[in-house]
Amino acid sequence: MAFMKISSPHATRSGNTGDVMKQVILACLPGLLALSYFFGPGSLMNVMLASATAVACEAAILKLRNRPIGFYLQDYSAVVTGVLLGLALPPYCPWWVVVVGTASAIILAKHLYGGMGYNPFNPAMVGYVILLISFPVEMTQWAAPLPALEEGQSLMSFSGALQQIWLGIPIDGYTGATPLDLFKQNDTLLVNDFYQAESLFATGHFAGAGWEWVNIGFLLGGLYLLWRNIFTWHAPISMLATMFVLSALFYDGGSSNSAGSPLLHLFSGATMLGAFFIATDPVSSAVSTKGRLIYGAGIGALVFLIRAWGNYPDAIAFAVLLMNFAAPFIDYYTLPRTYGHSNSRRATEKSE
Amino acid sequence: MIDYLLTHPFIGALVALVSLALIFGAILGFAAVQFKVEGDPIVDQLDNLLPQTQCGQCSYPGCRPYAEAIANGDAINKCPPGGQATINAIADLLDVEAPTLDEEHGEESEVKTVAYIREDECIGCTKCIQACPMDAILGAAKQMHTVIADECTGCDLCVEPCPVDCIDMLPIETTLGDWHWQPPKLPQQQFENIIATDKQAVEDGAAA
Amino acid sequence: MTKIWSIPGGVHPEENKSQSLQLPLGEISLAEELVYPLNQHIGAPATAIVEVGEQVLAGQKIAEAKGMISASIHASTSGTITAIEDRTLPHPSGMSGECIVLTPDGKDSFAKFETCENYLALDHDQLVAKIREAGITGMGGAGFPTAVKLSPRANNPIDTLIINGTECEPYITADDTLMQTQADDIIKGTQLLAHMLGNPQRVVIGIEDNKPDAIKAVTAAAAGTAIEVVSFPTKYPSGGEKQLIQILTGKEVPSGQLPASIGIVLQNVGTTVAAYEAVRFGKPLIERITTVVGEALQTQRNIKVRLGTPINHVLAEHGFLPKNASRLIMGGPMMGFALENENVPVVKATNCILAPGKKEMAPPAPAQACIRCGMCAEACPASLLPQQMYWYAQAEDYEKLEAHNIKDCIECGACSFVCPSNIPLVQHYRAAKGTMRQQAIEKEKSDRSRLRFEFRQERIAKAEAEKEAKRVTRKKAAEAAKKKIEAQKASGETPAAGNDLVANAIASAKQTQASPEEQQAKLERAVSGAEGRIEKLQQRLSETEADDQKAKLTAQIKQAEVKLQDAKTKLANFSPTANDSNATATNSNTDANDPVAAAIARAQAKMTMAPDEKLRSNLESLNKRLQKAQDKLAAAKADNADTVDALQSGVDKLKEKIATTEKELAQLPTPVAEPPAPETTDAATAAIERAKAKAAAQASMSPEDKLRNQLTAMSTRIEKAQSKLVSAKADNADTVDALQMGLDKMFAKQQTLRDELRQLNPNAPELNDANVKAESDNNSAKNEQESSETPAPVKEPDAATAAIEKAKAKAAAQASMSPEEKLRDQVASLEKRLEKAQQRLSKAEAEDDENIDAFRAGVEKTRSKLEQTRAQLEES
């Protein structure tokens, strides 16, 4: 009788790409919880809307490309893109912003390049940058966190949120700047005075009310993924370390021109989300461990550069996309040393 | 002199430019001589890519003449023994779009062949010996001839001159020594309803 | 405590080692048939030294190692050799190969083994010979001949001997069992190997820590010896040769080299025991311990099995349920290969037969896209980047694969094992490596081909250069002779001395040599030689019976006839009395033409002669050759005309053409013709040959046909000569006069032919058409001629020849016309022709042309035909 003829190995570890992606989604939960606690249901709605759009776009494109839809949807990569984009968008932004961003991410950044595994850029960040450039007003209105709300105000209700998202009815008093925004605009006060003056900082501990907790949430999620060996520590740790070192170097003790304390940089904005969920995207990052160290450091440096001296208050998306550009270049120079070789090679070197 | 040049800026500029041109020209000339790179001429590179069957199916008398012709602008898709792989390699080298094989010059055969002389029928006419571009046929007048299989490139050129048609082109069979795994199906090839561009790849890739 | 190094990467698959260790080492019954593949090791296949029907004893050698890297094969039981044939091999390809098939007689009687108690007293070579004789190969999986490994090169002193008891693959416990049951033998074997390798400083047995019983047994056995027993943490693939070396010594085997290059030899425990038994007891490798395991089996255990036992027999003994099995694997789950067919034998390297159940090893899930998660890179024990290699393997970018060190991939399967997208990475690498290997071979072959081709080109060029050199020598001789003639002329010996025309002609006839008298003498000698050849030709013609054969010969002869006519003229001109200036000029001119013509004639003669005997034996073959010969002739004719030009305008061109013709000659089946004799003689000889050939052919040809044939051939020649003349004029070459004279002669010849034809068949269409049409062309020819001060009529016949073609074309056109139209057309053209013919006649009369009678007859004929046609037209 004839048996199956397949190449070894015959044993494989259980688990597949879908499982990996599900772990990533699970790891987003602490951050999402923090967001919802401090900013209301906006982010949750963003995440749900973005995920749904992502899956719908993915399915439509797969159908167009004549691929088996069910099989490819099982890898959950579209959901991850949707979730990450939803987390990155400001809460209560209009629904069409979410839809446009997610559709761009899935269609332009992912499938136009060949789909899963072939995209040179992180789809969620491409979607985010497209929105940031196209709709700067919508994209820069962030909600005010719970501790910074005025007396008598409570978090936005579900119905209010729905109204604002779907009907575009703005509700006064709920929008505010992000800590990084505020910090950027400050050029008169010493940092300490500034912290006192702004309620966002006054009600928080070190990096803005709510924001520090959101970042701690994402940090927890990231540590979980590290523990589960979903990705290696190289890129995120290298990125955070670089940011810490740079911000420490340029923190001049708190003058009005200060670029902000290391704590502010590490725990404000999308730092932790970027470090553990964006910079670790394996598809668009460098491949070797050495390469990932450089890749992460590059992101960290760029984030700090843009935050300190650039036009945008936060810069995770730009930094990640710029380093995506650089990833093949990094790969070229960072092949690991293979067993039996005295030196590592360049990626184009011929045999010795 | 300098005063004169200063008072006549046009001439001064002219002098400056000419002397600069001379200086740089000298530097460039020196560099060209001193650091001359003995580059692999394009014909050699092309010749290296061609399969060296010397079969003449390209209508040139051998691979090198065809390499020279390509270097002079002839089409790169005239080599059936090399097939698409060779065309792609040449296209890569010349940085042009890879065309498909020009069927006019013959079809790419799946299997490599080697000439075999049915020795009982050979009359020893030496015609095949003269036709063989590789000197891969041994024999003398009125003596039986035989093919050195290792040197035969399967070019076919000996088949036609044989007056008694005793030369066969036999496919080279895979042996244990040269067998190797075929690549597995690509992810998108595992399903039947795939788009046309991918189908091509399926046909190329052997079943695993 | 020995220092343990760690290896990068590695995975921890489920060990699954306990299943097969529940039962003690077992034995199974003899199979009905044992199969021994001749190539069950790395290297050259062994050569069978038994014959079908031969009785053999267990342990008797049945196949001899062939070459250095090879291993002998021994019968594993007594019985009869029943076949030596192709059987399916235990190989991933599932291909067949030569196997010796043994049918046991059930007695299991052993050959007498040569024991050796004091083996440590033997020297290295004797021990290696014993091991080689016993056919020992590596038993861990690859099957490299052990004797070779134990003979490291003298420049690689061995300082470490490692005995591999790692057995890192899941499921397999064969080595574990061996270590538990034969620990003493392992130690003795290790000492033996150490002795053979010159007692290296370090002798170490490495065992993974998941085999505590084996470690205990071996440690106990090794007590009191210098042998270290080292255990280290379990991790796949620690048992790989390179990995184990790294773990135990911290050294890496340089890429592309053997461990011996860093002073290390590594042997499997099974091999060690086999080597010991071979030396101590003279026992060849005829059985081994194999793990039989998997959920599709009812019994899972280790067995001692005779080599050659078919797997299906082994499986049957263990209650194999094929419907439960997901696949059948020889070797372990990580590196073993799937068998398509259970009808293959256990061989020396078979350490495991794995029959996993359907749940145990589900069919592979469809591969998803690579997300470059990098888990494979973390698992890779060789620190490769599998995800990148997968990318390039898909793109068939072999240069990049090479840059990514794909050659250092040990195909351990760790990357595929961890891949969350279930990509069969190892298969991609294997395919890519195979293709790369093949490409390297092809590259090497094509380089060799290029060299051979270039060498051949060089050789041909050299041969031609040699011929060329000979020709130049001859030419110099000819020029010397010519100078002599001129000197003679200057002294007034030649009546025509001082005549410009002659001087020109002689200048052009560079190969003319000797006095006309000498030439004639040579000519006569050549005639006698040619007669002999002609006889042969005739004889062959008469012998040849097949019609097509005759047709070919006839056709060939026809060609010769054209030349014959030429030669006749020449002969006529060559009477010593006809040595006036005109004749000499013509003669020289014709001679100049002749090297090629002569060559062709010779070629023709040779062609008809050489394949003589074979032609008789094989008519078909002759036909093909003749066909070829005709083609070549046609080509040579073209060359002939060119040669005229070349000769007249420059010596170089002539050389080239003659070389070409010579080359063609050289390629003919018979030995290359001797260098052409002095041209005049040769030409004459050829002419005579042609004359004879014509005579021989007369039986099969009507005179009219012959003439017609001659006419056509002549006109082609004239046409060519004419074009040369025109170009010569254009170049204002000093050879114009000579050319003109040659043409003149040709025209005369043609006219004679035409007259002859007319006599035979006054209505011959070519004749009429040609004659009349020729005149119209003649007009234009005249115009051309005016500038060249050459008598106009000279051009006439040539134009006529061209007209033949036109007339033929016209005839073809007529065939498609209505009868009336045709007739009318004919009348019109006849009228024209008549007119022209009359013009010509009058001109001929005026110039007192020798062809005047012919012209007159032509006019008459045309007139009568015109009348006839008119009558026909009226009737219709």
### Query
Under 4.0 Å between a Lys/Arg side-chain N and an Asp/Glu carboxylate O for C:R459 and B:D135?
yes
Which bit of [X] comes within less than 4.5 Å of chain B, counting heavy atoms only: side chain, backbone, both or neither?
X	result
C:T435	both
C:E442	side chain
C:L89	side chain

To the nearest 0.5 Å, what is the distance between [atom1] ([X]) and [atom2] ([Y])?
X	Y	atom1	atom2	answer
B:I148	C:R452	CD1	CZ	5.0 Å
B:M134	C:R450	CE	CZ	10.0 Å
C:K443	B:Q52	NZ	CD	7.5 Å
C:S446	B:Q54	OG	CD	9.5 Å

### Summary
Greatest number of non-hydrogen atom pairs under 4.5 angstrom with chain C, of B:T153, B:T174, B:D47, falls to B:D47
### Query
Between C:K445 and B:D150, does a side-chain contact (heavy atoms from CB on, under 4.5 Å) hold up when you go through it step by step?
CA-CA 8 Å; C:K445 186 174 174 182; B:D150 279 353; over 6 Å; no
### Query
Hey, is the main chain of B:Q182 close enough, under 3.5 Å, to the side chain of C:Q427 for a donor-acceptor pair?
yes
### Query
Between the main-chain N or O of B:H180 and the side-chain N or O of C:R437, is there a donor-acceptor pair closer than 3.5 Å?
no
Contact origin within [X] toward chain C - heavy atom pairs under 4.5 Å:
X	result
B:P51	backbone
B:T175	backbone
B:P61	backbone

### Task
Look at atom CD of B:E173 and say whether more than 12 heavy atoms of other residues, nucleotides or ligands are closer to it than 6.0 Å.
no
### Message
How about CD on B:E97, more than 12 heavy atoms from neighbouring residues, nucleotides or ligands closer than 6.0 Å, or not?
### Response
no
### Query
Counting heavy-atom pairs under 4.5 Å to chain B, which of C:G434, C:S449, C:S93 comes out on top?
C:S93
### Query
When you look at C:F453 and B:R64, which way does the side-chain contact (heavy atoms from CB on, under 4.5 Å) test go after all the steps?
CA-CA 10 Å; C:F453 182 64; B:R64 195 171 177 86; 5.7 Å; no
### Query
So, for B:P133 and C:R456, which heavy atoms are closest and what is the spacing to 0.1 Å?
O-CD, 3.3 Å
